[in-house]
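This report refers to the structure that appears directly beneath it.
Basis for what follows: all heavy atoms, side chains included, without hydrogens, waters or symmetry-related copies.
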Amino acid sequence: MVFYAGWQLLGAEGLKAEHRIGSNTLFDLAKLSFGVVAGAGALVALVVAYRRQRINEDDALREATRLHTERFTTAVDQLGNESAAVPLGAVHALAGLADDAPTPALRQTCIDVLCAYLRLPYTAEGELADGDANTRHTYQALREVRHTVIRLIRDHLRLLPDHLHSWRGLRFDFTSVTFDGGDFSGAAFSGGKVTFRGRHSPTARSTSATRRSPTAKSTSGVRPSPVPESTSAARRSPTPQSRSAAQPSPTAQ
């Protein structure tokens, strides 16, 4: 192929057939030979450069994956720390790792860990023992971390699909998650899959602590319903005795 191309470019077909080879003919043949050799060399150099580029890209991907895995392992270990500030930083680190993930699969892994953190056993405020200040402080710190996870997911789902850090088109598994506050307003679960199956919401002890679970805009048709109001705020229908007692007889003027 290279020889034929060189033959056409140098116009070798136009050479006249001669019984005696002259200097001009020898010069044309030399040009043809050099052209063929140069074309073959360029082709070999192109193939070698392409192979080298592919090898460099593979090496860069392996190095990026290795660094991502190291940072991911560190962040996951910090999620279980007893100090409230450490898990809070780990949540932000995981969100940053998802944004910088070299492959979509690694990004999905970071999101899976954030959703799994929300699925962990959780004691709601209404189930805490009275008068235990340490337990209440631990609960408030844990709730702040959980609300941060929900906020980070919401903010990334508010981004347009073509945004570099958009999390649309990915999977979110909120199965049996206790939503003790948080806000998914404006989040669009488009192009992916979201599951709220089995979710439940805690009951509070006071009307001022009434919370509603976040609502989400989902292409899968899953939309979480509001959390029921606190048990103390629930309205009970009066019994016949109480209804009759609640209406005093008019006094005579």
Side-chain angles (χ1 to χ4, degrees), residues 65 68-81 84 86-127 139 141-203 211-228:
T65 302
H68 177 91
T69 303
E70 291 179 356
R71 295 170 57 193
F72 175 81
T73 303
T74 302
V76 171
D77 290 340
Q78 292 175 346
L79 278 178
N81 196 287
V86 177
L88 193 60
V91 166
H92 284 281
L94 283 172
L97 284 172
D99 292 338
D100 300 334
T103 63
L106 293 177
R107 172 173 288 187
Q108 180 65 61
T109 301
C110 295
I111 294 175
D112 290 342
V113 172
L114 292 175
C115 293
Y117 184 83
L118 294 177
R119 296 197 303 271
L120 292 176
Y122 177 69
T123 301
E125 184 177 9
E127 302 172 1
Y139 156 78
L142 179 59
R143 185 178 64 177
E144 180 63 27
V145 177
R146 294 170 64 87
H147 287 183
T148 300
V149 173
I150 296 174
R151 184 174 66 253
L152 288 172
I153 294 176
R154 178 205 63 192
D155 292 345
H156 283 83
L157 290 176
R158 285 179 174 179
L159 300 176
L160 296 178
D162 56 351
H163 194 282
L164 184 62
H165 296 159
S166 176
W167 290 359
R168 298 190 188 185
L170 299 173
R171 299 186 307 273
F172 297 88
D173 187 1
F174 301 118
T175 302
S176 301
V177 171
T178 299
F179 285 103
D180 188 8
D183 180 18
F184 273 145
S185 61
F189 296 88
S190 60
K193 181 180 179 181
V194 57
T195 303
F196 287 96
R197 183 174 55 252
R199 70 170 187 87
H200 61 92
S201 305
T203 57
R211 296 179 177 85
R212 295 185 180 274
S213 64
T215 57
K217 178 182 179 183
S218 171
T219 56
S220 60
V222 179
R223 184 182 181 89
S225 59
V227 179

Nearest-0.5 Å distance, [atom1] of residue [X] to [atom2] of residue [Y]:
X    : Y    : atom1 : atom2 : value
I150 : F179 : CD1   : CZ    : 5.5 Å
W167 : D155 : CH2   : CG    : 9.0 Å
E144 : R151 : CD    : CZ    : 6.5 Å
L97  : T69  : CG    : OG1   : 9.5 Å

List for me each residue that meets salt bridge (charged side-chain N to carboxylate O under 4.0 Å, His left out) alongside R71, sequence neighbours excluded, and say none if there are none. none
List the residues meeting side chain to side chain donor-acceptor pair (under 3.5 Å) with H68, not counting sequence neighbours, and say none if there are none. none
Expected output: side-chain [X] to main-chain [Y] donor-acceptor under 3.5 Å:
X    : Y    : answer
R171 : K193 : no
R146 : L118 : yes
S166 : D162 : no

Candidate pair F174 and F184, rule ring pair (Phe, Tyr, Trp, His ring centres under 6.0 Å), full reasoning: CA-CA 13 Å; F174 301 118; F184 273 145; 5.5 Å; yes
Pairs where residues 100-111 contributes a residue and the test side chain to side chain donor-acceptor pair (under 3.5 Å) is met, not counting sequence neighbours: Q108-D112
Assess the side chains of T178 and D180: does a donor N or O sit below 3.5 Å from an acceptor N or O? no
With no hydrogens and no angle check, do the side chains of S185 and R158 hold a donor and an acceptor under 3.5 Å apart? yes
Those residues at least two apart in sequence (or on a different chain) that pass ring pair (Phe, Tyr, Trp, His ring centres under 6.0 Å) with H165 are H163
Test of understanding: with side chain to side chain contact (heavy atoms under 4.5 Å, CB included), list the residues that count as partners of A90, not counting sequence neighbours. Q78, L79
Partners passing side chain to side chain contact (heavy atoms under 4.5 Å, CB included) against N81 (at least two apart in sequence or in another chain): S83, V86, P87
Quick one: do D183 and R154 make a salt bridge, cutoff under 4.0 Å? yes
